[in-house]
Amino acid sequence: MERVLDGDTEAFAGVVRRHGARLVGLCARVVGSRDLGEELAQEALARAYASLGAFRGDCRFRHWLARIALNGCRDWLKAGARAERPADLTGEELSTWRHPEREASGRQLAAALADALSRLPPKYREAFTLFHVESLSYQEMRELTGVSVNALKVRVHRARQRLLRDLGDLLEGE
């Protein structure tokens, strides 16, 4: 990190390799599109590089990057854009099933989940993604988003309720 903070572009390439895929996944899930997620993650990395002097070290570097990425996603969503389509994530990215007989079912569930996620209001989609996909604690989520822990808990709960409602028939068949 010291080399990055000193402006070493080669060292920043290592940061991109280490954190880039996670940022793409986060952005893709928040905005509902893999292609747009890649664009927003690239913009976030460019903003982070341009703002390296603003990194004070009072939080983990990956959280600082995630905050920049989330702000970019929020700006995109606020500009009147909606999730373009269900996140074009494959069943392998969302499904943990590895048994051949369940493979088709896993892909179907993953596609349905991506579709249901894309229909959630952005604040619920963001909270659900941070908690369940990124595995952040509520405290870490608060630090990233500036939203109170109680509000985040409510958002995650409401997201779960909506997803269960939307996926209910499919889940009952499992």
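Residues: numbered from 1 along the sequence shown. Heavy atoms only: backbone and side chains are in, while hydrogens, waters and symmetry mates are out.
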Between [X] and [Y], is there a shared hydrophobic cluster once you connect ILVMFWY residues whose side-chain heavy atoms come closer than 4.5 Å?
X: V31; Y: F131; answer: yes
X: L130; Y: V24; answer: no
X: W64; Y: Y49; answer: yes
X: V147; Y: V149; answer: yes

Under 3.5 Å donor-acceptor, R162 side chain and R158 backbone: no
So, the side chain of R125 versus the backbone of L120: is there a donor-acceptor pair under 3.5 Å, distance only? yes
Nearest non-hydrogen partners of [X] and [Y], listed with the distance:
X: L23; Y: A69; value: CD2-CB, 3.8 Å
X: L117; Y: F128; value: CD2-CD2, 3.6 Å
X: R47; Y: I68; value: NH1-O, 3.6 Å
X: C27; Y: G37; value: CB-O, 3.5 Å
X: Y124; Y: A159; value: O-CB, 3.7 Å

Going by side chain to side chain contact (heavy atoms under 4.5 Å, CB included), T145 matches just one of R155, R74, E140. Which one? R74
Start with the C-alpha gap between E143 and R67, add the side-chain angles, then the distance that decides, and say whether salt bridge (charged side-chain N to carboxylate O under 4.0 Å, His left out) holds. CA-CA 9 Å; E143 291 168 9; R67 186 179 310 128; 5.9 Å; no
Would you check if D115 and D166 make a side-chain contact, meaning some heavy-atom pair closer than 4.5 Å? no
Does CZ in R18 sit with more than 12 non-hydrogen atoms of other residues, nucleotides or ligands closer than 6.0 Å? no
I'd like to know whether NE2 of H157 has more than 12 heavy-atom contacts from other residues, nucleotides or ligands below 6.0 angstrom. no
